[in-house]
**Q** 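Sharing a structure with you now.
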Amino acid sequence: MSQRVDWISMPAGPLHGELRVPGDKSVSHRAIMLAALADGVSRVDGFLEGEDTLATAAAFGQMGVRIESPSAACRIVYGVGLHGLQAAGSPIDCGNAGTGMRLLAGLLAGQAFDSSLVGDASLTSRPMGRIIEPLAAMGARIEAQRGGFPPLHVHGNRELHGHLHTPQVASAQVKSAIMLAGLYAQGTTEVQEAHPTRDYSERMLAAFGWPVEFSPGWVRLKGRHRLSATDVSVPADFSSAAFFLVAASLVPGSDLLLRSVGMNPRRTGLLAVLRLMGADISEKNARDQGGERMADLHVRYSPLHGIDVPEALVADMIDEFPILFVAAAMAKGTTRITGAGELRVKESDRIASMARGLAALGVEIHEQADGAVIHGGLIGPGRIESAGDHRVAMSFAVAGLLADGDVELGDCANVATSFPGFFDLANRAGFSISTL
Ligand code: S3P
């Protein structure tokens with residue numbers, strides 16, 4: 001467990017210059033997993049050296065995969081092939097990472113050995129029934145604690161078979177866990193989603209040479225092929241860029257360039273929403289790299305106004321709601337968020353964490369079961385608790401930048417799970433954050 005870290009974020013700005021936020025968390029997890037299962041040696045550049053993805057790399061180390069780090073954000077993975085993993089020997093600690101635990105559970109369900117998956121207090125309170133049920137329908141056996149919570153015990157030596165899944169919840173983690181089990185299953189595994197979610201697993205499986213058919217909201221693959229090593233270039237994480245997009249939109253005089261940001265359409269819903277709110281963000285130098293779209297994002301100060309957030313965009317911005325709550329608190333008029341009940345089962349209950357924190361800073365906010373109504377205006381000084389949630393902590397660091405007084409941020413250590421270096425990078429761009 002990391003040591004407690006408290007910050008204070010003070011009004012400052014404008015934000016200027018160019019920066020590159022760390023690598024994409026979702027892509028980094030998947031790159032390590034598929035490279036480990038491939039035949040041959042893969043190189044991963046732009047790897048996120050955050051606690052979540054380091055935990056995933058350590059998990060494969062425990063299972064006998066050699067992973068070298070010759071330089072910052074680079075990993076060389078010596079793949080052991082689809083059936084080359086060895087039993088971990090002790091429980092695999094996924095830390096704070098829902099993606100790590102859920103995807104690993106799918107992958108481990110197809111192994112010839114048993115595994116145990118544990119996590120921190122936040123992860124231990126996150127629902128796993130959503131992967132256990134579909135994996136069980138494929139023949140897997142996974143035991144959880146009462147109510148479907150971690151730790152998990154994943155039984156090996158199971159005969160998995162393909163299945164047609166139609167998950168109730170829009171979740172790329174659920175879809176990906178099913179697909180990874182599908183690699184080991186006999187026959188065809190297919191997922192039909194009610195709302196399309198991020199398709200990194202599909203794209204990356206294809207890049208590693210696995211035959212996979214997919215379109216938005218649908219994927220189909222057959223089991224028992226092989227993965228061939230390939231090099232992966234991880235784009236900067238749109239979710240980490242999001243804090244700067246909102247901050248620079250709202251601090252007068254700001255003009256900031258964010259380099260090489262991943263622009264997968266299933267991730268960039270916040271961009272559409274900020275533009276609807278009046279943001280001035282342009283895409284420069286858009287290009288494809290390794291099957292993923294990326295671009296430099298140029299953001300300039302432009303006052304925002306409140307909107308009704310289109311429900312069709314919720315899945316495409318599921319990780320960006322904490323920072324959208326802050327944008328809405330500073331926007332002119334009212335913002336209504338609906339259809340976002342999934343926020344209640346993230347690293348914290350993000351509707352409750354944001355509503356509690358913004359109310360403590362004097363914002364008029366009405367929490368609802370699946371969203372909130374936020375009346376924009378001024379953010380005042382005060383103290384908030386991040387609830388151990390990295391995105392809540394960074395969102396309130398932005399609130400402090402925009403507020404008319406200092407904001408104390410309790411419990412920020414978990415920022416390191418997804419955005420190591422946030423403190424320095426933000427201060428370099430024009431924030432004024434100190435440790436308390
Ligand atoms: C992720 C999917 C999302 C997201 C998480 C990362 C992934 O979760 O919130 O941060 O890498 O697949 P859900 O798919 O469960 O919504």
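Order of listing sets the numbers, starting from 1, for every ligand and every atom in it. If you're wondering where the values come from, they're calculated on a predicted model, not measured in any experiment. Position 1 is the first residue of the sequence; numbering continues from there.
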**Q** Enumerate the ring-ring contact (aromatic ring centres under 6.0 Å, His included) contacts for residues 41-82, please, sequence neighbours excluded, ordered by first and then second residue.
**A** none

**Q** I need the contact residues for ligand 1: any residue with a non-hydrogen atom closer than 4.0 Å to the ligand, ordered by chain then number.
**A** Lys25, Ser26, Arg30, Thr99, Ala170, Ser171, Ala172, Gln173, Arg198, Ile318, Asp319, Lys346

**Q** Quick one: side-chain hydrogen bond (donor to acceptor under 3.5 Å, both in side chains) pairs with a partner in residues 33-50, sequence neighbours left out?
**A** Asp39-Arg226, Arg43-Asp45, Glu49-Arg75

**Q** Could you tell me which residues satisfy salt bridge (charged side-chain N to carboxylate O under 4.0 Å, His left out) with Asp411, sequence neighbours excluded, listed by chain and number?
**A** none

**Q** Is any side-chain N of the basic residue among Arg259 and Glu18 closer than 4.0 Å to the acidic one's carboxylate O?
**A** yes

**Q** For Asp114 and Gly156, indicate whether the former's side chain and the latter's backbone hold a donor-acceptor pair under 3.5 Å.
**A** yes

**Q** When you compare the side chains of Ser260 and Arg287, does any donor N or O come within less than 3.5 Å of an acceptor on the partner?
**A** yes

